[in-house]
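The structure appears right after this line, and notes come after that.
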Amino acid sequence: MLPSASSVHARWAAHGPGLDTSPMEVVGLLKRIMALRDGVVEPLYEGAPLTAPEVDLLVPLRHLDEPVIARRIAEHRGMSRAGVSKALAKLEKRGFVERTSHPADRRATLVSVTEAGKAAMDALFPRQLEVEARLLEALGEHREEVLQALERLAEAMERGLAAATAAAEHGGAERPTGTGGHPTG
């Protein structure tokens, strides 16, 4: 059996006395929360026409009246352009999105959700929301408090990323990135 998160944190702190292990507390909780969420959401997509990550990619696009530039999807999702392009190619091949060249900039690709993509989203995403709502209902009166804390965390991480990016541009430390091109902090 693996040690508890607090035990892992304590062991790393003991191993590297000068090492700031405090991020492990926040990041560990975030990973635990997402693992709990994924554990109940993933089964909804077994045998479904879309995967949970594909739905997450398409959610912001579902009700748009105009196509969106693929690069904007990458920026919004914190993904690499190559990763988004690969995901969109798979979705396009299965008929869930349409990609066209931008009329004013041939280097840019416009993306829109097809009618088949909308139908699949409309069948799957409400079920996901129901499961997520059940997971979160135990928050009760603390929901707003948690939302405010998460918003503060997101804003702090955005400021940290901006500072790290500025430092890297001026010859300082490199910009922190994690797996999949996601900034780490």
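Everything numeric here is computed off the predicted structure, so don't read it as measured data.
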Counting N and O atoms only, with roles assigned by atom type, does the side chain of Thr165 sit under 3.5 Å from a partner on the main chain of Leu161, one being a donor and the other an acceptor? yes
Ignoring hydrogens and angles, tell me if any N or O in the side chain of His76 forms a donor-acceptor pair with the backbone of Arg72 under 3.5 Å. no
Contact summary for [X] and [Y], nearest pair of heavy atoms:
X: Pro43; Y: Gly39; answer: CD-O, 3.3 Å
X: Val68; Y: Leu64; answer: CB-CD1, 4.2 Å
X: Met121; Y: Leu58; answer: SD-CB, 3.6 Å
X: Met24; Y: Val8; answer: CE-CG1, 3.6 Å
X: Leu110; Y: Ser101; answer: CD1-O, 4.3 Å
X: Leu88; Y: Val97; answer: O-CG2, 3.6 Å

Electrostatic pair [X]-[Y], nearest N-O below 4.0 angstrom:
X: Glu54; Y: Arg94; answer: yes
X: Glu155; Y: Arg152; answer: no
X: Arg32; Y: Asp38; answer: no

Mind checking whether [X] and [Y] have side chains closer than 4.5 Å, heavy atoms only?
X: Thr100; Y: Thr109; result: no
X: Leu30; Y: Val26; result: yes
X: Lys93; Y: Lys90; result: no
X: Arg127; Y: Leu124; result: yes
X: Ser85; Y: Arg99; result: yes
X: Ile69; Y: Val111; result: no
X: Ile73; Y: Leu57; result: yes
X: Val113; Y: Phe96; result: no

Supply the atom-to-atom distance [X] [atom1] to [Y] [atom2], rounded to the nearest 0.5 angstrom.
X: Arg143; Y: Glu137; atom1: CZ; atom2: CD; answer: 10.5 Å
X: Glu145; Y: Leu150; atom1: CD; atom2: CG; answer: 11.0 Å
X: Arg62; Y: Lys118; atom1: CZ; atom2: NZ; answer: 5.5 Å
X: Leu44; Y: Thr51; atom1: CG; atom2: OG1; answer: 12.5 Å
X: Met79; Y: Asp56; atom1: CE; atom2: CG; answer: 10.0 Å
X: Arg71; Y: His102; atom1: CZ; atom2: NE2; answer: 8.5 Å

Check step by step if side-chain contact (heavy atoms from CB on, under 4.5 Å) holds for Arg37 and Gln128. CA-CA 10 Å; Arg37 180 251 187 199; Gln128 178 178 325; 2.8 Å; yes
Report whether [X] and [Y] are members of the same hydrophobic cluster (ILVMFWY, side-chain heavy atoms less than 4.5 Å apart, transitive linking).
X: Val59; Y: Met34; value: no
X: Ile33; Y: Leu136; value: no
X: Leu29; Y: Val146; value: no
X: Leu50; Y: Leu129; value: yes

Please enumerate all residues that pass side chain to side chain donor-acceptor pair (under 3.5 Å) together with Thr114, with sequence neighbours excluded. none
Taking side chain to side chain donor-acceptor pair (under 3.5 Å) as the definition, give me every residue that meets it alongside Arg11, ordered by chain and number, with sequence neighbours left out. Ser7
Evaluation steps, side-chain contact (heavy atoms from CB on, under 4.5 Å), between Val131 and Arg134: CA-CA 5 Å; Val131 168; Arg134 281 195 302 272; 3.4 Å; yes
